[in-house]
Amino acid sequence: MSSIHAEYLSKAIAAVKQKNPKNIYFVACGGSMAYMYNQQYIFDVETDIPAFILSSNEFIHRSPKGLGPDSLVVSCSHSGNTPETVEATKVARSKGALTVAYSHEENSPLWQAAEYNLHYDWGPESDAYEHKAGMALRFIFGALNALRPNEKYARALESIKDLNNIFERNKKKFAAEADKWGASHKREPIIYTMGSGPVYGEAYAFAICFLQEMLWVHSSSIHTGEYFHGPFEITDYDVPFLLFKTAGETRPLDERAENFAKKFSQKVTVLDAKDFDWTGIDKDLYSYLSTPIFGAVSRTYAERMAEHRGHPLTVRRYMWKMDY
Ligand SMILES: N[C@@H]1[C@@H](O)[C@H](O)[C@@H](COP(=O)(O)O)O[C@@H]1O
């Protein structure tokens with residue numbers, strides 16, 4: 001698939017360069033929406049192009065005034081057939097926006113709806129560079145380099161060629177901790193996740209996809225900046241938190257939340273991006289690469305909990321089983 005992936009990418013990036021968008025909307029649902037946080041954040045920090053993330057159905061119903069022929073709309077649906085994401089892409093295209101869609105399913109309804117498509121591989125045997133995480137970084141840094149050429153983006157594109165090894169080294173580094181966490185938290189009735197910046201997307205995905213959807217554990221993600229504006233009142237000695245601590249610009253927010261939570265809860269687990277194995281990656285890229293590394297490492301935490309709870313990550317009661 002790798003040469004087809006590269007071809008899809010270069011076509012989409014050439015179209016973005018030609019469009020030279022005045023604004024960008026990242027549109028998807030659930031885990032696919034969480035996947036957009038890093039991409040939106042990178043554009044936001046690196047350019048003056050306004051970039052927004054919206055859940056597909058809100059995008060449809062809100063109908064942003066800024067959406068038009070100067071817009072780029074990036075959508076994602078793993079299955080390629082989440083109706084609201086397909087419809088949002090159609091709406092964007094009907095307004096003249098450039099539409100680029102990520103999916104694992106070629107020729108799916110989403111694939112047909114978008115003008116440009118980015119396919120990614122899936123499954124434990126797939127190479128991270130050809131996977132969702134790799135494709136997002138390749139598209140974003142490729143588009144940035146086309147719109148605002150910069151050696152930093154070219155360097156990022158080189159570094160992510162090693163993404164698979166980066167993920168494998170970090171999954172190995174955290175394997176024992178993941179197992180310990182899965183075993184010690186398997187009976188917890190509720191687990192809060194925390195994060196900030198683009199990593200908040202991973203905290204959100206861990207809460208809604210892994211804990212709620214797959215493991216049926218009550219959860220909510222808390223932005224570490226928001227923790228002090230309501231959520232911190234639930235902190236107590238027996239309330240578990242899982243903090244994804246960034247190595248990026250918003251680290252002070254995470255440190256403030258960690259310091260407070262640790263004073264009153266005996267169950268604060270911190271996954272710190274500073275402890276990641278960063279071999280071969282320059283420091284100025286840590287912020288942008290930490291999100292996908294959290295994605296890869298945190299999945300192993302969910303897998304270990306699934307094993308200890310005896311509840312496979314594939315079991316659903318309602319999703320894909322009935323109309324909703
Ligand atoms: N846990 C799943 C996600 O993994 C998925 O991304 C989302 C939308 O589905 P899709 O990506 O197929 O549109 O549904 C759930 O949230």
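Note that the structure is a prediction, hence the values are computed from the model and not measured.
- Counting only N and O atoms by type, the side chains of Tyr153 and Glu158 include no donor and acceptor under 3.5 Å apart.
- Between the side chains of Ser56 and Thr85, at least one donor N or O lies within less than 3.5 Å of an accepting N or O.
- Criterion: ILVMFWY side-chain heavy atoms under 4.5 Å apart, direct or through other members. Under it, Met194 and Phe210 are not part of a common hydrophobic cluster.
- A donor-acceptor contact closer than 3.5 angstrom is absent between the side chains of Ser55 and Asn57.
- Contact of the Pro21 side chain with the Leu147 side chain is registered, since non-hydrogen atoms from C-beta on lie closer than 4.5 Å.
- For the pair Lys132 and Tyr102, the cation-pi test (distance below 6.0 Å, angle within 45°) is failed.
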### Query
Taking it one step at a time, do Phe174 and Phe276 satisfy ring-ring contact (aromatic ring centres under 6.0 Å, His included)?
CA-CA 9 Å; Phe174 286 87; Phe276 289 167; 5.7 Å; yes
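- Residues Phe264 and Tyr237 place their aromatic rings such that the two centres sit no closer than 6.0 Å.
- Aromatic ring centres of Phe294 and Phe206: separated by at least 6.0 Å.
- Contact check for Arg155 versus Leu285: side-chain heavy atoms found under the 4.5 Å cut-off.
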### Message
Show, in sequence, the C-alpha distance, side-chain angles and deciding distance for Ser63 and Lys95, and conclude whether the side chain to side chain donor-acceptor pair (under 3.5 Å) test is met.
### Response
CA-CA 10 Å; Ser63 189; Lys95 297 259 171 93; 3.2 Å; yes
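- Both cation-pi conditions hold for Arg256 and Phe228: the charged atom is under 6.0 angstrom from the six-membered ring centre and inside a 45 degree cone around its axis.
- Within a 6.0 Å sphere centred on CD of Glu151, other residues, nucleotides and ligands contribute more than 12 heavy atoms.
- Taken together through direct or relayed side-chain contacts under 4.5 Å among Ile, Leu, Val, Met, Phe, Trp and Tyr, Val100 and Ile140 form part of one hydrophobic cluster.
- When all heavy atoms of Cys76 and Ala28 are compared, the pair lying nearest together is O-CB, 3.3 Å.
- Inspection of the Ser196 and Asp254 side chains reveals an N or O donor paired with an N or O acceptor under 3.5 Å.
- In this structure, a donor-acceptor pair under 3.5 Å is absent between the side chains of Glu106 and His119.
- Defined by atom type and a distance below 3.5 Å, a donor-acceptor pair is present between the side-chain atoms of Glu46 and Tyr288.
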### Task
Apply side chain to side chain contact (heavy atoms under 4.5 Å, CB included) to Leu118 and Leu9, showing your working.
CA-CA 6 Å; Leu118 300 171; Leu9 271 167; 3.8 Å; yes
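- Without hydrogens or angle criteria, Lys186 side chain to Ala306 main chain gives no donor-acceptor distance under 3.5 Å.
- Side chain to side chain, Thr89 and Ser75 meet the donor-acceptor criterion of an N or O pair below 3.5 Å.
- Residues Glu188 and Val217 approach most closely at O-CG1, 3.8 Å, considering heavy atoms.
- Using cut-offs of 30° and 60° on the angle between ring planes, the pair His78 and His104 is parallel.
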### Task
Carefully, step by step, assess Glu130 and Arg138 under the rule salt bridge (Lys or Arg N to Asp or Glu O under 4.0 Å).
CA-CA 9 Å; Glu130 306 296 339; Arg138 289 162 72 183; 3.3 Å; yes
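- Residues satisfying the ring pair (Phe, Tyr, Trp, His ring centres under 6.0 Å) criterion with Phe43, sequence neighbours excluded, are absent altogether.
- Taking hydrophobic clusters as Ile, Leu, Val, Met, Phe, Trp and Tyr residues chained together by side-chain heavy-atom distances below 4.5 Å, Val73 does not share a cluster with Trp111.
- Rounding to the nearest 0.5 angstrom, the gap separating the CD1 atom in Ile208 from the CE atom in Met214 is 9.5 Å.
- Under the 30°/60° scheme for interplanar angles, the aromatic rings of His185 and Trp181 are found to lie parallel.
- Across Val91 and Ser94, no two heavy atoms sit closer than the pair O-OG, 2.7 Å.
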### Task
Could you walk me through whether Ile190 and Ser219 pass the side chain to side chain contact (heavy atoms under 4.5 Å, CB included) test, one step at a time?
CA-CA 5 Å; Ile190 183 160; Ser219 183; 5.5 Å; no
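- Note: the hydrophobic cluster containing Val270 does not contain Tyr204 (ILVMFWY, side chain heavy atoms under 4.5 Å, direct or indirect links).
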### Task
Give the intermediate values and the outcome of salt bridge (Lys or Arg N to Asp or Glu O under 4.0 Å) for residues Arg148 and Asp48.
CA-CA 11 Å; Arg148 312 266 199 276; Asp48 55 2; 2.9 Å; yes
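- In this structure, the side chain of Thr193 engages the main chain of Ala203 through a donor-acceptor pair within 3.5 Å.
- Just one of Phe260, Phe241, Tyr192 meets the ring pair (Phe, Tyr, Trp, His ring centres under 6.0 Å) condition when paired with Phe232; it is Phe260.
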### Task
Applying ring-ring contact (aromatic ring centres under 6.0 Å, His included), run through Tyr318 and Tyr324 and close with a yes or a no.
CA-CA 8 Å; Tyr318 317 118; Tyr324 50 89; 8.7 Å; no
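- The cluster map of Ile, Leu, Val, Met, Phe, Trp and Tyr, joined by side-chain heavy atoms under 4.5 Å apart, puts Ile60 and Ile53 in different clusters.
- Counting only N and O atoms by type, the side chains of Tyr200 and Ser221 include a donor and acceptor under 3.5 Å apart.
- Between Ser79 and Glu105, the shortest heavy-atom contact is O-CG, 3.3 Å.
- With a 6.0 Å radius and a threshold of 12 heavy atoms from other residues, nucleotides or ligands, Lys173 has its NZ atom above the threshold.
- Contact annotation: the side chain of Ser159 never approaches that of Phe141 to less than 4.5 Å [non-hydrogen atoms, C-beta and beyond].
- Crowding of Lys11 atom NZ: a count of heavy atoms from other residues, nucleotides or ligands under 6.0 Å not exceeding 12.
- Counted within 6.0 Å of NZ on Lys22, heavy atoms from surrounding residues, nucleotides or ligands total more than 12; the atom is thus considered enclosed.
- Looking only at side-chain heavy atoms (C-beta outward), Asn107 and Gln112 come within less than 4.5 Å of each other.
- With Trp216 as the aromatic partner, Arg317 meets the cation-pi criteria of under 6.0 angstrom to the ring centre and within 45 degrees of the ring axis.
- Ion pairing between Glu258 and Arg251 fails under the 4.0 Å rule for side-chain N and carboxylate O.
- Between Ser287 and Glu249, the side chains place a donor N or O and an acceptor N or O closer than 3.5 Å (distance only, hydrogens not considered).
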### Task
Output, in order, the C-alpha distance, side-chain angles, deciding distance and verdict of salt bridge (Lys or Arg N to Asp or Glu O under 4.0 Å) for Asp277 and Lys172.
CA-CA 10 Å; Asp277 182 331; Lys172 207 164 154 197; over 6 Å; no
### Message
Run the side chain to side chain contact (heavy atoms under 4.5 Å, CB included) test on Thr279 and Arg169 for me, step by step, so that the C-alpha distance in whole Å, both residues' side-chain angles and the decisive distance to 0.1 Å come before the verdict.
### Response
CA-CA 9 Å; Thr279 310; Arg169 282 199 303 267; 3.7 Å; yes
### Task
Would you please test Asn23 and Asp70 for side chain to side chain contact (heavy atoms under 4.5 Å, CB included) and show each step?
CA-CA 7 Å; Asn23 56 36; Asp70 290 330; 5.8 Å; no
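- Counting only heavy atoms from C-beta outward, the side chains of Leu253 and His223 approach each other to under 4.5 Å.
- Remark: the Thr291 side chain and the Tyr41 side chain contain no N/O donor-acceptor pair separated by less than 3.5 Å.
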